[in-house]
Amino acid sequence: MDQDFDEFAFETRAIRAGIERSDQGEHAEAIYATSSFVFASAAEAAARFAGEQPGNIYSRFTNPTVRMFERRLAALEGGAACVATSSGMSAILAVCMALLRQGDQVVAARGLFGTTTSLLSQYLTRFGVAVRFVPATDYAAWQQAIDSGPTRLLIIETPTNPLSEVLDIRRLADLAHAAGARLVVDNCFCTPALQRPLALGADLIVHSATKYLDGQGRCLGGAVVGDAETVGKEVFGFLRTAGPTLSPFNAWVFLKGLETLSLRMRAHSEHAMALARWLQEQPGVSRVHYPGLPDHPQHALAAAQQSAFGGMVSFELAGGKAAAWRLIDATRLISITANLGDTKSTITHPATTTHGRLGAEDRAAAGITDGLLRLSVGLEAVDDLIRDLARGLD
Ligand SMILES: *Cc1c(COP(=O)(O)O)cnc(C)c1O
């Protein structure tokens with residue numbers, strides 16, 4: 001992290017941390033669209049390759065625009081090191097590939113992002129890594145699973161997708177550390193604007209930058225944040241070897257996204273709270289899942305652990321799948337798309353899209369009912385969103 005930025009507030013870091021200005025004096029960050037970098041001499045090339053002289057060699061290893069994004073995000077999460085990746089999934093893959101070996105065990109929360117669950121259960125297990133899934137908020141089950149093998153990593157999201165369960169980061173970090181394991185937090189839903197897992201004891205943060213860090217639905221990307229040894233050496237070592245690195249253009253888009261992150265996350269949270277309250281009053285809605293509601297089972301924990309409640313709201317319709325599809329098809333404004341964390345509000349039916357590949361049994365265990373809808377509340381006027389949903393509820 002840029003030591004110079006320690007003294008500045010979050011909003012200031014989000015705008016100014018990590019900038020490396022070239023001798024052209026550009027004010028906005030430059031996009032270094034280059035695959036390789038030239039050396040002044042054969043001796044300099046040899047010194048760079050030998051690691052005796054710092055500097056760029058090839059953009060699979062380092063790129064100045066990507067580095068600006070990495071430094072800025074590290075400054076926001078409060079981590080010593082950050083490496084950017086081509087997607088959120090490749091950030092999770094990089095952590096697993098860098099830190100796990102045959103015979104190790106991973107304990108993960110049930111109800112993780114669907115593709116993360118598939119990566120762990122269908123691919124990691126092929127290489128002799130045991131994976132156990134536990135009910136996200138059952139801490140006795142976490143302890144039991146941790147003790148059942150040589151656990152190296154705990155992997156969680158909080159709040160979870162799509163049911164917005166809130167997990168106690170400090171408690172899970174303590175369980176992990178007591179067993180010599182590390183806690184990995186996917187901080188996609190809150191972003192560092194609302195939640196800093198490293199300060200609560202987590203060891204590693206993974207991000208899908210595709211979501212709120214961009215915030216405007218333009219680019220795929222991801223990142224891993226943590227300590228200098230684990231992230232700066234081990235995870236970076238996998239990335240430079242295997243190649244799922246972030247493109248400089250996407251890094252530039254994310255740099256611009258970070259500049260407005262605080263403002264956007266505050267507005268997403270306000271809009272989501274208003275919609276959640278309104279949904280609770282609608283007769284066809286049997287349940288609303290939003291950590292900001294006082295009757296949410298982990299409301300107090302969310303209030304202590306997060307500085308606001310985020311932009312994701314899910315709700316269940318008493319009429320099941322038919323009612324859910326009818327509501328989706330009645331919208332004219334809200335986009336029917338699986339992306340989230342966009343200025344544009346989006347709606348999905350998890351049971352038949354994001355979580356459709358899970359079997360019916362796994363889906364039921366994860367609490368994904370047929371009447372469940374997930375809203376990513378955007379920045380349009382709340383009254384317009386309410387009118388759009390009301391049409392399908394009538
Ligand atoms: C989208 C998402 C991912 C995967 O990110 P990609 O950028 O799509 O690869 C991982 N975790 C969560 C919580 C997500 O929402």
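Atoms within a ligand are numbered from 1 in the order they appear, just like the ligands themselves.
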Next on the checklist: Could you check whether Arg387 pairs with Asp384 (Lys NZ or Arg NE/NH1/NH2 to Asp/Glu carboxylate O, under 4.0 Å)?
Outcome noted: yes
Item to check | Stepwise side chain to side chain contact (heavy atoms under 4.5 Å, CB included) check, Leu194 with Ser269 | outcome: CA-CA 10 Å; Leu194 305 187; Ser269 301; 3.7 Å; yes
Ligand-residue contact atoms, ligand 1 with [X], heavy atoms, under 4.0 Å:
X: Thr210; answer: 6 (P), 7 (O)
X: Glu157; answer: 13 (C)
X: Gly221; answer: 7 (O)

Item to check | side-chain contact (heavy atoms from CB on, under 4.5 Å), paired with Val83, selected from Thr62, Val235, Leu73 | outcome: Val235
Distance to 0.1 Å, residue and atom name: give those for the protein heavy atom nearest to [atom].
atom: atom 5 (O) of ligand 1; value: Ser208 OG, 2.9 Å
atom: atom 14 (C) of ligand 1; value: Lys211 NZ, 2.9 Å
atom: atom 9 (O) of ligand 1; value: Met89 N, 2.9 Å
atom: atom 4 (C) of ligand 1; value: Phe113 CE2, 3.5 Å
atom: atom 6 (P) of ligand 1; value: Gly88 N, 3.3 Å

Next on the checklist: Looking only at the side chains, is there a donor atom on one of Thr230 and Arg182 sitting less than 3.5 Å from an acceptor on the other?
Outcome noted: yes
Item to check | Flag for Glu165-His289: side-chain donor and acceptor within less than 3.5 Å | outcome: no
Checklist entry - Which class fits the ring pair Phe309 and Tyr290: parallel under 30°, tilted 30 to 60°, perpendicular over 60°? => result perpendicular
Checklist outcome for this item: Sorted by chain and residue number, the ring-ring contact (aromatic ring centres under 6.0 Å, His included) partners of Phe49 (sequence neighbours excluded) come out as none
Checklist outcome for this item: Looking only at non-hydrogen atoms, the one of Leu220, Leu213, Leu93, Asp186 nearest atom 12 (C) of ligand 1 is Asp186
